Every structure is written in C-alpha cells, then in structure tokens.
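So you know, we letter chains A, B, ... as the sequences are listed, proteins then strands, and number each from 1. The figures that follow rest on heavy atoms only: side chains count, while hydrogens, waters and symmetry mates do not. It should be emphasised that the depicted structure is a prediction, and the values quoted were computed from it without experimental measurement.
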Number of protein chains: 2
Amino acid sequence: MRQSIAGSVTLSDIAERAQVSTSTVSRALSHPDRVARATHERILRIVEEMNYQPNVLARGLRRRQSMIVGLVIADILNDFHATIAKGVQDAAYQRGYTVMFGNTDEDPMREERFLQALNQHRFAGLIIVPTERSRELLARYARTPVVEIDRSSGREDAHVILADNVASSRAVVAHLAQLGHARIAAVTGSRTVTTGAERLQGYLDGMREAGLAVDPGWIAPAARHDEASGFEAMQRLLELPAGRRPTAVFAFNNQVTAGVLRSLKRAAIQVPQQMSLVGFDDSRWAQLMTPSLTVVAQPARDMGYLAAERLFSLIANPDLPGTVTRLATRLVLRESTAAVLSAAGSSSASTVG
Amino acid sequence: MRQSIAGSVTLSDIAERAQVSTSTVSRALSHPDRVARATHERILRIVEEMNYQPNVLARGLRRRQSMIVGLVIADILNDFHATIAKGVQDAAYQRGYTVMFGNTDEDPMREERFLQALNQHRFAGLIIVPTERSRELLARYARTPVVEIDRSSGREDAHVILADNVASSRAVVAHLAQLGHARIAAVTGSRTVTTGAERLQGYLDGMREAGLAVDPGWIAPAARHDEASGFEAMQRLLELPAGRRPTAVFAFNNQVTAGVLRSLKRAAIQVPQQMSLVGFDDSRWAQLMTPSLTVVAQPARDMGYLAAERLFSLIANPDLPGTVTRLATRLVLRESTAAVLSAAGSSSASTVG
DNA sequence: CGTCTCAATGCAATCGTTGTCAGCAATTGT
DNA sequence: ACAATTGCTGACAACGATTGCATTGAGACG
C-alpha cells in the first residue's frame, strides 16, 4: 500500500471513507468513550490505513493552545544544561509534547525574543533556568504554567526543582577537611543567583562545622559563569602569599572548573599533589581527565524529567500551589583530591603571613 | 502602559482600533507595498502599542506551512552535534524560523516519531545528520526541503554539507609520519556511514603517501559511535604483539576518542610518550585534558549555519538542483602527539613478533 | 465631462479541528 | 403503550489569519 503524501490526509477524508461526520472522527480520536465501539474501531482502522496525521496547527488554533513546551537554558554546550534538556525531552516525548529549546547565552534580548516566539506558538508551558531578568519577563506570562529549574527566580508561588546545594557544598568541605586541608578556597559563581548563594552558604557552614577559619581571600568570585572568569578567579587565588595560599579549591560549576584547571595548568601546579580540586557537575570528560575530577554530581537528567512532569501536572491543573523540590546530589570521589602535604611543607613559607 | 495579557490581541483588535478591515492589517504586516503609506504607519504604531503577536498557528493553518524547521541529530550531549545545533539556531533566529530539535540516540523509531511530529506541525524544512535508516524515512517527505549534514544518506539530488574528511585524515597521517611514526592505527567508526568510509580512505591514502605499509590489525572498527566501542577497539589494538603494536592511534570521532583514552588510562600507557593520539572533533575539554589533545577541528558551527542557509534557499526555491558542499577542517596540534621513541625502545620487545 | 485606470481597501471564503447543541433511535421504567 | 432516559451522531459555528475577487474613489486622458 502506498504511503500517502505527507500531510495531505485530513479529518474529512477519513470521515468520507468511514461514512460519518468529521465530528465523529474527531471524537473517535480524542474522546473514544463518546463514540460507539464499532465506529471507533472502524475509524481507527481507516486512520491507520490512510496514515492520517492530525494537523496540530488547526488543533492548536481551535483549542487555543498547542502541545509545545518551551525550555529556556543558557547554553546547550554546557553538559549540565544539555542533560537537563534530555530529561525534559524524554518526559515530553512520552506525553506527546514537543519541546522547543531556547539558547539564551545569558542574553536577556534573546530570552525575550524566544519567549515571544513561544507565545506566538501558544505554548502550553515553560521550563526555565532563570536569570536575573527572567522574573520580570515571566510576569508577562502570568497565566502560563512555569517550572524553574536549577535556580530560583524568587517569583512567588513558583514551582522549582533544585539540587541540594547547601548540603553538597558542606559535603565537599567535609571531604577536604578530612583529607587534612585547612586552607580551602571557593571559586564562586555569581552571588546573585540562588545557586551561587546556596553553595557559598554550604561552604561557610562546612568550614564552621570542620572548625576551620575562613580567610576572606579564599572566596574568589567568578564574575560570570564562564571559563574565563574561572581562570581569572584562580589566578587571584594563586597570587595570595604562600602562607595564605589555599591547598584545595572548590569550583562552583563546570565552566568555572575548566577555567580553574587552565590556570593551574599554566602555573604548572600539580593536581592533586600541590592542589586538591573539586568541581560541580559531572560529565564524561571529568572522568577521563588526568587526574580525573572529584565532583558533585547533580542528577541533571532527573531534574529535567521531574521538571517536565511537574509542568504537565501544572498544565492539567494550573492552580496547584507552588512547590520547591530539592534533589540530593552525589559526591563522586576521584583523583583530583588527595591528602594535604605534610604540615612542614605548607608552613615553611608561612613566615610571610 | 500596561502590557496586554499574553496572546490575547488579534488582527481584528488592531483592525478595530485602526478603523480598517483585518485584510488591510494583514497586508500591512506581510505585504507593506500593497497598503497606503499612511495606513501602514498608523497600523504599525497600533501594533506596537497593543503588543500584537501574530498567531502562528492560524497563519500556518492558512498558509499550509509553518515557520518551523526540524533538526535531527543523534545526541545533543555530543559537542559536535550540539555545536551544529547552535549554528542552525543562530541562522534560523535571524530569519524568524523556529528550530525543533530531535534527539534520536540513533534509534530509528525515535527518528520516525520525531519526523511525524514535525509533519504534524507542517514543518517547512529539515536538517538532518542521516543514519542508515534515514534514506527510507525521508522518502516519505519527498516534497519537503532537506539538507543533510556531516554525512550523506546517498539520496539522489540531495543537498549535503560535509567536512573534507579525506583530506583531514591524510593530514593526520602525514603529521604522525613526520613525527617518525610508522605503526599508525585507526579506530574507525561504522564503515557504513560515509564519514567513516571517507576517513578510512584518507587514512589509507595518507599511509600510502607516507610510504608506510598498513597492517590490517591496525584498523580497529568501533561497532557504534560511542565510548564503549572505542574502548573495546583500543583494547584489541593493545592485544597486538609488541612488534605490531601501533605507536600512534587516530580515533575517528570524539565519542570513540573518549573510549580510547579510557583504555589507555586503564593500561597505564602514557600519552604521548608511549602512544600518540589524534582525535576527530575539537571541544573545550580536549584543550584542558592533560595532555591536551591533538585533533581535527571541524567547523561545526559553520556547518550548521550553512546548512540552515542552504535550507532557506531551498524553501524559497524547492527546485534547486542538489549540491554538495565540503568545508575544510583544521589540524590542531597539541600535546597528545610526539615524536616516536627511539627504534631501540620500541623494537626491544619485538622479538616476540 | 465621461470613461478608463489603478491604487487602496473591504468582503467573504478558506485552512483543519473542536465543542456545543440538537436530533434521532433504542432502551428502560411505569 | 407511552414517556423519559441514554447513547450516538451530525450540523454548524467558531479559532485567527490570509488571499482572490469585488468595490470604491481619485486622477488621467481624450
């Protein structure tokens, strides 16, 4: 049997073949219980035979809503974001939704234009890794279901899927402290995003719990979430006088970790012998590096999947009260962390301080 | 001024405010030259004021075509594919098109379902990294513009954007030969995809040009395009008797390179001292590894951008004859390749062979 | 001055689907 | 046997934009 040419078969073609009205065909497909069993089966058979594919444009127009959900992330080249995207797509796929990705590169203009495009498609809902601008942007789509992921925009009654950042950071510090490190630095991300603030909080909590004092110089903020900022931040740490120089570094996200690595590589500092390193976000390459990286692994795919599931509940029932879900992370121990060198070695230069 | 609620303003709202018919408003927006200048300006002002956003569902329904282009790739987690996606999206963004990504994981079922979803959206065109199944699948959408990228499906009169794989491989072999390597192995991808075949051809050409004999055992096919296959292939190479064991390996894509690395790491073989390594596809982490990787860098973003541009020409003029565009690659020399050890070192164990 | 042309605009049909309403036949209750 | 109910179905009017055709009025020209 010849496959029909793409997209040419319509409801009324089916209706004609089945000797019923288009209404009945439509019902047979969307409300099977409102159609006689025999009719239903006959129609389904013909639909199959003619390879009918509903025109979602017409459907969306009529229903005033499409089966499209938007996903706004900063950078699809970032493993963490890409994995979230996969999780979202897997969930959407099962429910028959289509995902539209928007790569904003942290640029509010692009974010705005993408939201407009989505709006033109009468999208059903949105999953977003919010930036500072997002809150204001989202206000325009107040009636649309939104799930935030990774960070929180601070919108009231929002639905948010987060990693347990505080606990993660505490675990990292505990691990390093146990290895004998006392001078532990943090290369933080932007403090204005909740993720950065929480991770910093966890770091401070962890230090306190380990009974370690925090030198303000050890907190090196990376201006942006990119490799260059990480590089600069680590450079600043390396300029500290020997007695204050950290023996371990905790980098708050994968981009920044890359920058830190480059800085260490350039300064010919051996990891972990001269400097222990812990990163946020796992990835294929973190395992393959030499040394392989000790990292906090976030359940990115699950976060994406959960966010999508939450979004679908929200689409079905828009009045659900806001929720915040926190997922546990896993500290994956690899080769980039090791016991601190003997106190002699590290204190020999501390006469400077 | 209050922003209107998302999506509620329609053509007739504008028409009413401007004291004209909806036809005129529509024309003012899509065919400005068919409307009096004064009317045009007045309408545009009102459109602006009321924040009108066209309903693309209605438009698509009427025009029987949407402003959506599909992009089918195997794995968004693969840097090469993700970069292509970015290029495509950048080009689409400028033209007002929306991109729908399909992650197939090389699964024909997923590919088929994604094409169906696109079809239901009356997509305007498709960019695809074809698999073996694609040719057959695409036959159903004969009237739809398609651009193939990275590989060729073998469809007649197809539009294809490729990297110059043969030349790339030859350059790799020449580089290794110049470093004194004679036993150069190739961890190939699937030979049934054109990319794999071409890279293999380039390897063979390169060896011939360098005056080097090829031991069939040096050609280690990776069953699939994934890390595990690369690992296994490298394991097989390492089992070769010392006299036949390669001193350099050329891995045909980035996934496979990862597997090769893992295998080498497990066998505690030093790169590049004991084994030189060249990979295909550059990425952020290839630069940060220790040693950093010598690779063939494909212009992935440009490939995506070009593919999209080609697609738009094709949408405007579907009868353009097929074209094949080949882009040059760049061999990026880094730390993973080095001169071969002295003949003594490598032949000392060759008594076994 | 009458007719012809042409630019500008309006009218109305249409794209394919959905949902409301009403109608019809068969079944049930009395 | 008749009314009430129930189960299916069809007719029809949207949804919002586009577009071929008809209409209008102003200016050109004989």
Should A:Arg17 and A:Glu49 be marked as a side chain to side chain contact (heavy atoms under 4.5 Å, CB included) after you check the CA-CA gap, both sets of side-chain angles, and the distance that decides it? CA-CA 11 Å; A:Arg17 263 289 277 283; A:Glu49 256 177 50; 2.5 Å; yes
Whole angstrom value for the distance that separates C1' of D:dC8 from CD1 of A:Ile43: 11 Å
Integer-rounded Å distance: C:dA8 P and B:Glu41 CD: 13 Å
Counting only heavy atoms from other residues, nucleotides and ligands, does the tally under 6.0 Å from CZ of B:Arg34 exceed 12? no
If we count only N and O atoms by modelled type, under 3.5 Å, do the side chains of B:Ser26 and B:Ser23 hold a donor and an acceptor together? no
How many Å lie between CZ on B:Arg34 and P on C:dG10, as a whole number? 14 Å
Have a look at B:Gln65 and say if it touches a base, only the backbone sugar-phosphate, or nothing, with a 4.0 Å heavy-atom cut-off. nothing
Decide, yes or no, whether a salt bridge links B:Glu148 with B:Arg151 under the criterion of side-chain N to carboxylate O below 4.0 Å. no
Rounded interatomic separation in angstrom, taking CG from A:Leu61 and P from D:dA17: 9 Å
Rounded to whole Å, the CG-C1' distance (A:Asp13 to C:dT17) equals 13 Å
Would you indicate what A:Val20 reaches in the nucleic acid, counting non-hydrogen atoms under 4.0 angstrom: base, sugar-phosphate, or nothing? sugar-phosphate
Please report the distance, rounded to the nearest Å, between NE2 in A:His40 and P in D:dG7. 17 Å
Between A:Asp107 and A:Arg133, does any NZ, NE, NH1 or NH2 come within less than 4.0 Å of an OD or OE carboxylate oxygen? no
Can you tell me the distance, in whole Å, between the CD1 atom of A:Ile14 and the P atom of D:dT9? 16 Å
Rounded to the nearest angstrom, tell me the gap between atom CD in B:Gln120 and atom P in C:dG16. 15 Å
Which atom pair, heavy atoms only, marks the closest approach of B:Ala124 to B:Tyr97? CB-CE2, 4.0 Å
Looking at A:Thr10, does any N or O in its side chain come under 4.0 Å of the phosphate oxygens OP1/OP2 on C:dG16? no
Between the side chains of A:Lys86 and A:Asp79, is the shortest nitrogen-to-carboxylate-oxygen separation below 4.0 Å, so that they form an ion pair? no
Go along nucleotides 18-27 of chain D 5' to 3' and tag each nucleotide: B for a protein heavy atom under 4.0 Å from its base, S when only backbone or sugar atoms are that close, - otherwise. BBB-------
So what does A:Val56 touch, heavy atoms closer than 4.0 Å: a base, only the sugar-phosphate, or nothing? nothing
